[in-house]
Amino acid sequence: ASGVRYDLAERSPEYVEELARHHVGGHLSVAPEHVSPRVLEKMKKPGIESYERFKEMFACASNGAGKEQYEIPYFISGHPGSTLEDMVELALWLKAKGYRPRQVQDFIPTPMSMASAMYWTGIDPLTMTPVYTARGLREKKLQKALLLYWNQEQWPLTREALVLAGRRDLIGHGPKCLVPPEDAPQARAPGKPPGKPPGKPKPASGFPRHQAEAHVPRGRKPPKTAGR
């Protein structure tokens with residue numbers, strides 16, 4: 001199902017129950033977009049707590065309807081007001097929640113929007129105060145890499161972003177680290193025990209890892225190989 005205004009939906013349990021029971025076919029797109037309060041303020045969006053409340057309400061309503069379905073959160077990098085430090089905060093939140101988001105996009109300025117005005121002028125038109133904006137291609141890539149910290153292909157950029165943000169403590173094999181060190185004898189995802197080579201990356205999804213099977217159509221089996 002297409003996205004809903006979760007900040008409005010959470011005000012009406014009846015609406016959420018109706019939504020879950022009759023209007024969602026398994027996946028519901030929602031757009032928290034960020035977790036940093038100062039970035040969300042520039043987006044004119046509520047705090048991440050609003051999304052978390054809606055997520056719990058939707059899960060309860062789906063369970064009450066006897067349906068297995070999930071919301072798919074959407075996140076963005078490079079929005080006016082977002083710094084590398086803010087993206088590190090978002091990456092840590094994603095890791096803590098067990099999310100490996102697929103719906104990720106770098107900010108693209110579009111005509112007639114307040115965010116675009118901030119992007120081009122560097123000023124918040126409502127407060128007339130300066131707004132930091134990542135315009136360089138390199139920094140935009142670094143911000144996006146932090147959203148995809150779990151993707152091994154993004155590890156070099158993620159390490160660079162963490163160093164620039166002053167968060168070398170998040171490079172290592174500890175449970176709170178985002179990426180392994182570059183000079184590790186054998187690169188492995190943080191928190192994984194040593195001794196085994198890294199397997200193929202799991203499919204990226206907007207679900208916690210234990211919910212990733214929601215992408216697999218039920219009742220389907222791989223075709224049998226000739227001779228078996």
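Quick note: residue numbers are just sequence positions, from 1.
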With clusters defined by side-chain heavy atoms of hydrophobic residues (ILVMFWY) lying less than 4.5 Å apart, directly or transitively, does Leu178 cluster with Val163?
yes

Can a donor-acceptor pair be found, under 3.5 Å and without considering hydrogens, that links the side chain of Lys67 to the backbone of Val24?
yes

Charged N-O contact under 4.0 Å between Glu41 and Lys44
yes

Can you tell me how far CD of Glu139 sits from OG1 of Thr133, rounded to the nearest 0.5 angstrom?
9.5 Å

Look only at the side chain of Arg159 and the backbone of Pro180, and say whether a donor-acceptor pair between them is shorter than 3.5 Å.
yes

side-chain contact (heavy atoms from CB on, under 4.5 Å) between Arg138 and Leu157, worked out:
CA-CA 9 Å; Arg138 188 66 178 178; Leu157 285 174; 3.5 Å; yes

Value rounded to 0.5 Å, distance of OG in Ser77 from CG in Asp106
4.0 Å

With side-chain contact (heavy atoms from CB on, under 4.5 Å) as the test, would you mind laying out the steps for Val30 and Val4 before giving the verdict?
CA-CA 6 Å; Val30 291; Val4 299; 4.2 Å; yes

Of all the heavy-atom pairs spanning Pro80 and Met118, show the shortest one and how long it is.
CB-CB, 3.9 Å

Interatomic spacing from CG in Leu162 to CG in Leu170 - rounded to 0.5 Å:
5.5 Å

If the condition is side chain to side chain donor-acceptor pair (under 3.5 Å), which residues does Arg38 pass it with, not counting sequence neighbours?
Thr83, Asp86

Heavy-atom pair with the smallest gap, counting every atom of His34 and Phe75:
N-CD2, 4.1 Å

Are Met114 and Val131 connected in the hydrophobic side-chain network, where two residues link if heavy atoms are under 4.5 Å apart?
yes

How far apart are the closest heavy atoms of Leu94 and Tyr149, and which atoms are they?
C-OH, 4.1 Å

Does Gln69 form a side-chain contact (heavy atoms from CB on, under 4.5 Å) with Phe58? I'd like the steps, not just the answer.
CA-CA 9 Å; Gln69 50 194 17; Phe58 181 71; 4.0 Å; yes

How long is the gap from CG on Leu90 to CG on Leu147, to the nearest 0.5 Å?
5.0 Å

Let's go through Trp150 and Tyr99 carefully: what are the C-alpha distance in whole Å and the side-chain angles of both, what is the deciding distance for side-chain contact (heavy atoms from CB on, under 4.5 Å) to 0.1 Å, and is it a yes or a no?
CA-CA 9 Å; Trp150 48 269; Tyr99 279 116; over 6 Å; no

Can you pull the salt bridge (charged side-chain N to carboxylate O under 4.0 Å, His left out) pairs that have at least one residue in residues 142-155, sequence neighbours excluded?
none

Partners of Glu52 by salt bridge (Lys or Arg N to Asp or Glu O under 4.0 Å), sequence neighbours excluded?
Lys97

More than 12 heavy atoms from other groups under 6.0 Å of CZ on Arg135:
yes

Let me confirm one number: the CD-NE2 distance from Glu17 to His22, rounded to the nearest 0.5 Å.
10.0 Å

Starting from Leu8, can I reach Phe54 by hopping between I/L/V/M/F/W/Y residues whose side chains sit under 4.5 Å apart?
no

Taking atom NZ as the centre, does Lys141 end up with more than 12 heavy-atom neighbours from other residues, nucleotides or ligands that are less than 6.0 angstrom away?
no

Pick one: which of Glu71, Lys45, Glu33 meets side-chain hydrogen bond (donor to acceptor under 3.5 Å, both in side chains) with Tyr51?
Glu71

Between Gln143 (side chain) and Gly78 (backbone), is there a donor-acceptor pair under 3.5 Å?
yes

Quick one: do Val88 and Val104 end up in the same hydrophobic cluster if we chain Ile, Leu, Val, Met, Phe, Trp and Tyr together by side-chain heavy atoms under 4.5 Å apart?
yes

Let me confirm one number: the OG-CZ distance from Ser116 to Phe107, rounded to the nearest 0.5 Å.
4.5 Å

